[in-house]
Amino acid sequence: MNKPIIRFDNFSIENPDSDRPLIAPLNLTLPPYRTLALVGESGSGKTLLGRSILGLLPEQLNTTGNIYFQDKKIISVTGNPTVDNKQKKNEIAALEIRGKAVSFIMQNAINAFDPLFSLQDQFCETLQKHTALSYRQALIKAQQSVSKVKLSSALLKRLPSQLSGGQLQRMMLALTFALEPELVIADEPTSALDSLTQFELLPLFKQMAKERSMIFITHDLALVQELADDIAVLKRGEIVEFRAKSILFSHPQHPYTQYLLAMRAKLNQPFARLVRKKQ
Ligand SMILES: Nc1ncnc2c1ncn2[C@@H]1O[C@H](COP(=O)(O)OP(=O)(O)OP(=O)(O)O)[C@@H](O)[C@H]1O
């Protein structure tokens, strides 16, 4: 049987300055090759949860419990200073999986690239860091993946600031396709883009979701409808409902899920109409 891609084992996140945990102790197992949509109101903890898998949490926050990637422990923090070395080892484990095994697509792709170097240099450097490819082989792979996202490979010669937000997000997708990670964590990757660009990127996200495991953080239930296999609903740091999409949409159990569905359905009507019209 396939190993779970991610397993949270009694994992929680706390801010020492606050008496309420930012993520309450969480036990959740994610099977591979599925897309999990993480939804919930602003501040419910979606980004923290996504970043915790990558070892990218702000330093001032404390965690307890464990996170496993394919049964390999990547986070284990007990808050006990005597386990500092163990903690360091696990941070290294998180670093090792970041990039190659797990890729992160953030909201503003401009923040993912170094403004001083051409996209070509950044693609090749990243690919060479995570694979055994030569510069030339990395360049060919970069060009192939850029054409896969329907951009001209001539754009690779440019600096990030010389591309539009939509083009840069395509570049981010191209880099992710080229790295062939096992898990993609996408944190509101389309919310900074206009509806038409969002719509144009949808097939690429669908293709990515089909090929690998994905955690998709979003407020947009129309996107969830298109992409997700499963949905976890977060409220104030707690998962109040976790179900297959078809069941959650047709029979939401928790009052908060019912509220979210009712409200978001209204807000997402324009995008949903655009998707229907094109199909
Ligand atoms: N560095 C930090 N220090 C203290 N609290 C933080 C820090 N980063 C995030 N938080 C708090 O953690 C909670 C969850 O934040 P998070 O960014 O995960 O929310 P979110 O669900 O992704 O929200 P949004 O949808 O608005 O992006 C919020 O209450 C936020 O204020």
Side-chain angles (χ1 to χ4, degrees), residues 6 8 10-28 30 35-65 67 74-75 77 79 87 91 94 98 102-112 165 169 172 183-195 198 201 205 214-228 230-243 245 248 252 254-268 271:
I6 289 290
F8 292 97
N10 229 13
F11 180 73
S12 68
I13 305 176
E14 281 166 28
N15 178 359
D17 299 335
S18 148
D19 38 12
R20 183 176 67 80
L22 298 176
I23 295 292
L26 169 69
N27 290 294
L28 184 69
L30 305 180
T35 295
L36 172 78
L38 208 46
V39 303
E41 67 199 358
S42 196
S44 55
K46 304 181 295 296
T47 294
L48 288 183
L49 212 48
R51 284 182 167 257
S52 63
I53 296 169
L54 297 147
L56 286 175
L57 286 176
E59 265 180 28
Q60 68 270 32
L61 302 183
N62 296 329
T63 64
T64 53
I67 304 179
I74 50 169
I75 297 245
V77 185
Q87 180 177 336
E91 278 168 11
R98 196 189 308 158
V102 184
S103 288
F104 188 44
I105 301 180
M106 57 179 83
Q107 184 177 353
N108 288 307
I110 188 85
N111 298 329
Q169 200 56 289
M172 198 58 232
L183 171 66
V184 177
I185 301 176
D187 190 353
E188 303 202 33
T190 60
S191 58
L193 306 171
D194 63 83
S195 301
Q198 284 183 22
L201 290 183
F205 280 108
M214 194 154 162
I215 299 177
F216 204 91
I217 297 170
T218 184
H219 289 276
D220 188 335
L221 290 188
L223 262 182
V224 173
Q225 181 92 55
E226 291 290 316
L227 283 173
D230 306 305
I231 303 175
V233 183
L234 258 181
K235 186 186 180 204
R236 289 169 63 86
E238 269 185 66
I239 294 204
V240 295
E241 196 158 349
F242 172 55
R243 278 175 212 287
K245 173 185 70 181
L248 188 133
H254 195 278
Y256 179 65
T257 314
Q258 292 165 358
Y259 169 78
L260 268 190
L261 288 180
M263 294 312 291
R264 293 286 171 194
K266 280 188 193 163
L267 295 172
N268 286 317
F271 180 71

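Residue numbers start at 1 and run along the sequence shown. Every number for a ligand or one of its atoms is a count from 1 in the order of the listing.
In terms of the ring pair (Phe, Tyr, Trp, His ring centres under 6.0 Å) criterion, residue partners of F205 (sequence neighbours excluded) are, by chain and number, F216. Scored by the side chain to side chain donor-acceptor pair (under 3.5 Å) test, S44 finds no partners at all (sequence neighbours excluded). For R243, the side chain to side chain donor-acceptor pair (under 3.5 Å) partners at least two apart in sequence or on another chain are E241.
Atom CD of E14 sits in a crowded spot, with more than 12 heavy atoms from other residues, nucleotides or ligands closer than 6.0 Å.
In this structure a side-chain-to-backbone donor-acceptor pair under 3.5 Å is missing from Q107 to S191.
The 4.0 Å heavy-atom shell around ligand 1 contains residues N15, L22, E41, S42, G43, S44, G45, K46, T47, L48, P58, Q60, L61, E188, H219, ordered by chain and number.
Relative ring orientation between F11 and F8 is described as tilted, the plane-to-plane angle lying within the 30° to 60° band.
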